[in-house]
Amino acid sequence: MKIKTELDVICHVSHAVLTHKKNIHSLLNDVLDVLQNDMGLERGTLTLKRDNLLIIEAARGLNREEQKRGQYKIGEGITGRVAETGESIIIMDISNEPDFLDRTKTRKSKSKVAFLCVPIKHDGEIIGTISIDCPSTTFDNLSNTMKLLETVANIIADGVAALRTEIQEREDILAENERLKSELGERFKPDNIIGNCNRMRTIYGLMHQVAGSQATVLIRGESGTGKELVAKAIHYASPRKDKPFIAVNCAALPEGLIESELFGHEKGAFTGANNLRKGRFELVNGGTLFLDEIGDISVPGQVKLLRVLQEKTFERVGGHTPLRTDVRIIAATSRNLEEAIGDGTFREDLYYRLNVFPIHIPPLRERKTDIMLLADYFLDKYNRVYSKGVKRISTPAINMLMSYYWPGNVRELENCIERALLVTTDDAVHAYDLPPSLQTGQESHTAILKENDNASLKELVEHFESEIIVESLKKNNGNIAASARQLKTTQRILHYRIEKLKLDVAKFLPRNRAKK
């Protein structure tokens, strides 16, 4: 290795340290540049100790993928031994060194290559290493190079220590953020809502923020996502929790009755109004009124609703006496209100009155990690309702649940699990127990051959048959005789079908399943 004077190397490294006090990554790269330019370095690495691992933080002659592979436990290989003992090591020829691991997989040359590795010490602690490859030469020459590397390591030790501290602090902050997010998510998670994905955790935080206020909330999301559950959770976490919570589905009320439902009517106000009737605004005084599908309310109804929101007063139908009300409004809609405003079917001023604190509930297909959490919850729920003992959902059924689009969202999943629990004949929900909607088109990976939309009847039947036999073999730990009894057939027929369908019975035996 051709080296400039040692003084040149030391001066250039010292200059790099002095001019990069705050930019540690730049320092490391400048140091390797010095080694490359002044010492003819072709390949070299600078590692930092993190817990019980040495991680490559800067390198020359390695791409990013090769750097990622370069991780060593303390005491492992040459680099790990240097970090463990604090003693520099010279390897005259790496091809003859059994302890040289070549984790980066970059040493492919057949020529003799020497390897030098020195520790980086700070306040008596080993915090990393510097290692370089160089053409094999005499031991004295390599020893002189190693002493120069040790000097470089001593010069940059403070900067490297600062980098290690910076990396550790950043990782600690990230870990603490994740811990706090998880803790807050659990702390604010309402008992009546099932879901643990990141988006639901964000919603729990929003619910906690708004619950204690008087702000109007607009909950948006597709039908079946659980908007009313969110509204109830906000109400019962608010100071109004001991007052009434009343839900009104605006889409279910005829246009002529919605005004009477919301504001009430006086006796004789119209034909059939034989008695005075209090409306929902009057009945819920002090509590929370949940207006579901607010986007379906008529324009005249919107005008009167806007007046209540603005002035906190209303009049019964047929009445002339203003009545005051203290009501918190939580509205919900599955419609695109912005489009409705453009169409002239929803008032823009009402929209801004309602959209004070919007919460968007994601559809079930966007919270895949919650599907099985919900499925298990509904399985337990309906086991209790129907006094059943269904213990699990089979793997093929899980695949179908996970791959389905769920246009009906959580409500559809609940109905699906309830039906499956009613039709199953043993202690598991199987794919063939699920509704036909899950077993059609491209929504299923199991009951229909997804990769072949033109599958024949014979192929589909064989696929179902294979699924049934596999489930039985799983349940009976690969015992064909027991499976034959369960399926009410003979061992000979079952053997024939297993061979025909090319099923591997051995993998269902207890010893093989335990290996998985």
Might you work through the side chain to side chain contact (heavy atoms under 4.5 Å, CB included) test for E125 and D123, ending with a clear yes or no?
CA-CA 6 Å; E125 180 191 0; D123 291 339; 5.7 Å; no
No-hydrogen, no-angle side-chain donor-acceptor test under 3.5 Å, S334 and S223:
no
Closest heavy-atom pair, R335 versus R220, reported as atoms and distance to 0.1 Å, is O-NH2, 3.6 Å
With heavy-atom distances below 4.5 Å as the criterion, would you say the side chains of I74 and L54 are in contact?
yes
Is a side-chain donor or acceptor of S394 paired with a backbone partner of V429 at a separation under 3.5 angstrom?
yes
To the nearest 0.5 Å, what is the distance between OH (Y204) and CG (N196)?
7.0 Å
Smallest heavy-atom separation, L291 atom then C250 atom, equals CB-SG, 4.2 Å
Steps toward side chain to side chain contact (heavy atoms under 4.5 Å, CB included) verdict (T425, H430):
CA-CA 10 Å; T425 56; H430 302 282; over 6 Å; no
Is the distance from the ring center of F281 to that of F263 below 6.0 Å?
yes
Counting only N and O atoms by type, is there a donor-acceptor contact under 3.5 Å from the side chain of E418 to the main-chain atoms of Y382?
no
Measuring from K368:NZ to E366:CD, what's the distance to the nearest 0.5 Å?
10.5 Å
dist D433:CG -> M400:CE (nearest 0.5 Å) comes out at 10.0 Å
Value rounded to 0.5 Å, distance of CG in L354 from CD1 in I219:
11.5 Å
Between CD of E282 and CZ of R316, what distance do you get to the nearest 0.5 Å?
4.0 Å
Over 60° means perpendicular and under 30° means parallel, so tell me whether Y404 and W406 are parallel, tilted or perpendicular.
perpendicular
Does the T225 side chain pair with the main chain of E222, one donor and one acceptor, at a distance under 3.5 Å?
yes
What do the steps show when you test Y377 against E414 for side chain to side chain donor-acceptor pair (under 3.5 Å), and what is the final call?
CA-CA 9 Å; Y377 171 79; E414 180 174 4; over 6 Å; no
Under the side chain to side chain contact (heavy atoms under 4.5 Å, CB included) criterion, do R392 and L379 qualify, and how do the steps go?
CA-CA 8 Å; R392 66 187 181 91; L379 189 69; 5.8 Å; no
To the nearest 0.5 Å, what is the distance between SG on C416 and CG on L438?
5.0 Å
Does a sphere of radius 6.0 Å around NZ in K278 hold more than 12 heavy atoms from other residues, nucleotides or ligands, not counting ones at 6.0 Å or beyond?
no
